[in-house]
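Everything numeric in this text was worked out from a predicted model, so none of it was measured.
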Amino acid sequence: MSAEQQHRDGQAADPGPRSLAQALRERDDASLGALLRSRPDLLHPVPTDVTQLATRAGTRASVLRALEHLDRFALQAAEALAVAPDPASYQELLDLLAGDDGDEEVAGALPATVALLRERALVWGGEDRLRLVRTARELLAPSASHSSPTGLGPSVAEATSGMSPGRIQAILTAAGLPHTHDTVSAVAALSGLFADRERVAELLEGAPEASREVLTRLVWGPPYGQVTAEPAAHLRWLLDRGLLLPTTPGTVVLPREAALSLRGGRAHRVPEPTRPRVAVAAERKPQVVDAAAGGQALAALDTVEELLRSWDEGGPAVLRAGGLSIRDLKRTATVLEVPEPVAAFWVELAYAAGLIASDGGYVEEHHDRHDRPDADAEGYEDEETRDARTRRRSGEAEHYAPTPEYDAWRDLPPAERWAWLLEAWLPGTRAPGLIGGRDGRDRTLSALGPGLDRSPAPEVRRRVLELMAGLEPGQAPDPATLLERLRWERPLRSAGPRREQPEPPRTGVRPAYGGGVAANDPEALRTKLTEWALLEAEMLGVTGRGALATHGRALLGAEGRSEGAGAGTAAAGSARAAVVAALLAPLLPEPLDHVLLQADLTAVAPGPLVRPLAEALGVLADVESKGGATVYRFTPGSVRRALDAGRSATELHAFLDRHSRTPVPQPLTYLIDDVARRHGLLRVGAASSYVRCDDESVLDEILAGRRATALRLRRLAPTVVGAQADPRTLIEGLRAMGFAPAAESAEGDVMIARPHAHRTPPRTPPAPVPDGPPAPDATLLTAAVRAVRAGDRAATAPRKETPQAPGGLPRTSPADTLATVQAAAMTGESVWIGHVNAEGAASQRLLAPLRVEGGYVTGYDHTADGVRTYALHRITGVAELADEPDGAEPAR
């Protein structure tokens, strides 16, 4: 007996599983759990049995998601199976991937890849009968209208399905094959000719050079071409011999068998069985990397604090469509002294961390008062929420402002504040780099506006950090090889052959942040997400000088992961955040309680200042420059601002003397005394408004000035001048003239002008938009596998023939139902019952009755894998189990 005959006999003796459901049923619990872990969409809801699991695993949406999560070589193996015979042997698959010449790397990587495809229920069957799931074959196989991702077209049989028998016989004759008696044998003969490499080579020896050039252009795809009604001679030569077959009028295709012969048996031009290596672009000392990352982390905290401080009394208005206007973003960028795309990133980060929000967003998000945490059963609302509702009704514009969480965040130590921001950044799905680009409807994407969520963003961000963590400490990756590695791990599946990828960023070239990306270009989006992840990590201090810092590696720990971005103190206090903060804290300088005063009316803060000192100094002086040391400048306007806030000249002198490591310069002392001497000399109150001053000469000077004309002043008394402008306008006008007026109350007391912090109502940070269902934990997997096994045992248990109600439920009389259930309870046997619940949903249950009393039956439900109680009046009927064959185990 020949080896081929023995192989056929072996297949006949052991045909393997007949369906995907049977293949899944033969798996052990660990393998079934691995499937549910790799494809979590199959768990929602939990399948009732293995048959339902197999059906769900073959749906188009689930198969598409599974294919999108394959690496490049696994996807190439699936694409090769889609053009192979169904079923195909392992050797046929290997030949398609390795070609006639073989490939050791492909041969070494293929067993693990086939095991991966089996684990994810995309391939089933034995080694000699590998089957691709039907939906996956439909997605990846070529058709008459489009080619396979491999660049292969339809087979000879598929391309000639509508061709006349006479035309097929004419092709046989032109190809040098004998006539056949039927079309089926003719197509088989032509397929055999094109599948034979040597015979195809002999056939092409007599082909015109132009014909061979046409085949060269089509062989790697796409295999389709256009011909006219009167094709040229070199095209006619190919058409006559079936090397080009018509598909639609004017369109021809190179048959799959011929293309494979010309390719040397390869389904892909370049199989990629091994993952690309991430190259090292630079290598630095880990201490240098950590120090640089610590400096960046401190700068990130300063930037976010500056942003929130600038919006403390109420930030920009919210656009009608949501988000910031271009003008407000430019103003914010000016305040932060960064480019606009970078400012947009900091704004989005503060928003994701729950530190800023719209002051009317609470009313927008909650339409029912019972859903609001600040509304009790009587409908009570706090003052801030009531004010926001009033503004909405009156048409007043909403504004962005810090949230109450900002106050809690500001009081944390610097390292914990940084960890809070990172807990929002890492899982966030909003992509600030898209700001300024266009969406699918050609609308501009704005900061804090809709349309910025991209579900692949957190996966790309985390994977970039993981690949950097795979290098030695201090090594900075080459961005080009990093991007190529990500492309290999998550290739983009397309309907045609893989196109040439866009050129990645060159080593040493730092891409600019932002710039947008086309809404319909997923490859460009992934490239940009990778670049943005590298830049954002550098700006935040996760990396330093291009390499991952020590605290950045700790950020990848799975322990203590928060469910949402910026989940308040819970996120800041999570186990991971605590570890990261502990590693970062030694890299951040201790806040200082002193400054260095200089004779040029400046103060130098050689490091970060303690919060009370920084806040007080921010009122008394203007920030002139930032960096490693912050320079503050004292001006008459800044000193007047401190006096307006209620500080006296004596208090300011004492404050500077207490916090300066250098003597207070005499020019600064004179500046404070001079401004204080004139501050409050004029008093402005509400009449419409008025000015009063004990020194009549000062009022004479004001009335004589030309710039006072716009204020429309009129002397009411020797020491009082009336004005038709409001008090605020009058104060600003007098200050523009060089005076230092102070506002007074109706009682004549000086009014202290302190800034009033504006806060939004309490709100939850924006939740990331997930890319599919979350990965299940071990508890859920164990419970799901048990439920599927129990439901499968129940569904496959045999039953005796009984009358059936609509829907296949057993149908027996109430007396027979009660008698059968009581008998089963006494004998310990299981029975099938039909049950209709209170909502009218019907189901079949395999029940082992334990107790029957009070109109209820209690027993072990094999379908639910637990003890259940059912009302007898809701049971449609009972069916006994069929007798088990010898050696079979009963369904228990």
Side-chain angles (χ1 to χ4, degrees), residues 80 83 95-96 99-101 141-180 183-270 496-500:
V83 298
D95 292 342
L96 282 172
D100 296 341
D101 298 331
S143 69
S145 59
H146 65 81
S147 62
S148 160
T150 62
L152 294 171
S155 64
V156 172
E158 293 167 343
T160 59
S161 59
M163 190 176 293
S164 66
R167 175 61 180 147
I168 296 177
Q169 295 296 334
I171 292 175
L172 290 182
T173 302
L177 297 175
H179 283 270
T180 63
T183 302
V184 174
S185 57
V187 170
L190 191 61
S191 300
L193 169 65
F194 291 156
D196 191 324
R197 315 281 194 270
E198 296 180 358
R199 294 170 66 189
V200 169
E202 293 176 0
L203 180 64
L204 292 178
E205 286 179 358
E209 183 64 26
S211 300
R212 288 197 290 269
E213 290 179 359
V214 170
L215 294 179
T216 301
R217 291 197 300 268
L218 299 179
V219 65
W220 290 107
Y224 298 94
Q226 301 293 323
V227 296
T228 61
E230 295 294 333
H234 65 283
L235 295 177
R236 173 55 60 189
W237 191 93
L238 296 172
L239 288 167
D240 290 343
R241 288 155 181 80
L243 289 169
L244 292 180
L245 294 173
T247 55
T248 58
T251 303
V252 294
V253 65
L254 175 65
R256 185 189 310 168
E257 294 86 348
L260 284 172
S261 293
L262 296 173
R263 293 181 177 192
R266 285 185 183 271
H268 299 84
R269 176 178 289 183
V270 182
R498 189 169 65 88
R499 298 168 291 180
E500 293 298 325

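- Side-chain atoms of Arg263 come within 3.5 Å of backbone atoms of Val219 as a donor-acceptor pair (strictly under, hydrogens ignored).
- When the side-chain contact (heavy atoms from CB on, under 4.5 Å) test is applied to Glu158, the partners found at least two apart in sequence or on another chain are Pro154, Ser155, Arg256.
- Among Asp196, Leu190, Leu262, Val156, the single residue meeting the side chain to side chain contact (heavy atoms under 4.5 Å, CB included) criterion with Glu257 is Val156.
- Arg197 pairs by the salt bridge (charged side-chain N to carboxylate O under 4.0 Å, His left out) definition with Asp100, not counting sequence neighbours.
- To the nearest 0.5 Å, the span separating CG on Leu245 from CG on Leu238 amounts to 10.5 Å.
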- Test log, rule side-chain contact (heavy atoms from CB on, under 4.5 Å), inputs Leu260 and Val83: CA-CA 10 Å; Leu260 284 172; Val83 298; 5.8 Å; no
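- For Glu209 and Arg212, the salt-bridge test passes: some basic side-chain N is under 4.0 Å from an acidic carboxylate O.
- In this structure, Arg241 CZ and Leu193 CG are separated by 11.5 Å, a value rounded to the nearest 0.5 Å.
- The distance from atom CE of Met163 to atom CD1 of Ile171, rounded to the nearest 0.5 Å, is 4.5 Å.
- Between the CG atom in Leu172 and the OG atom in Ser185 there is a gap of 8.0 Å [rounded to 0.5 Å].
- A donor-acceptor pair under 3.5 Å links the side-chain atoms of Ser261 to the main chain of Phe194, judged by distance alone.
- A donor-acceptor pair under 3.5 Å links the side-chain atoms of Ser164 to the main chain of Arg167, judged by distance alone.
- Side chain of Thr150 to backbone of His268: no donor-acceptor contact under 3.5 angstrom is found.
- Not counting sequence neighbours, the partners of Val252 by the side-chain contact (heavy atoms from CB on, under 4.5 Å) test are Val227, Leu239, Leu244.
- Residue pairs meeting the salt bridge (charged side-chain N to carboxylate O under 4.0 Å, His left out) criterion with at least one member in residues 213-225: none, sequence neighbours excluded.
- Here the CH2-CG distance, from Trp237 to Leu243, works out to 6.0 Å after rounding to the nearest 0.5 Å.
- A salt bridge (charged side-chain N to carboxylate O under 4.0 Å, His left out) check over residues 229-238, counting only residues at least two apart or in different chains, returns the pairs Arg236-Asp240.
- Not a single side-chain contact (heavy atoms from CB on, under 4.5 Å) links Ser161 to another residue, sequence neighbours left out.
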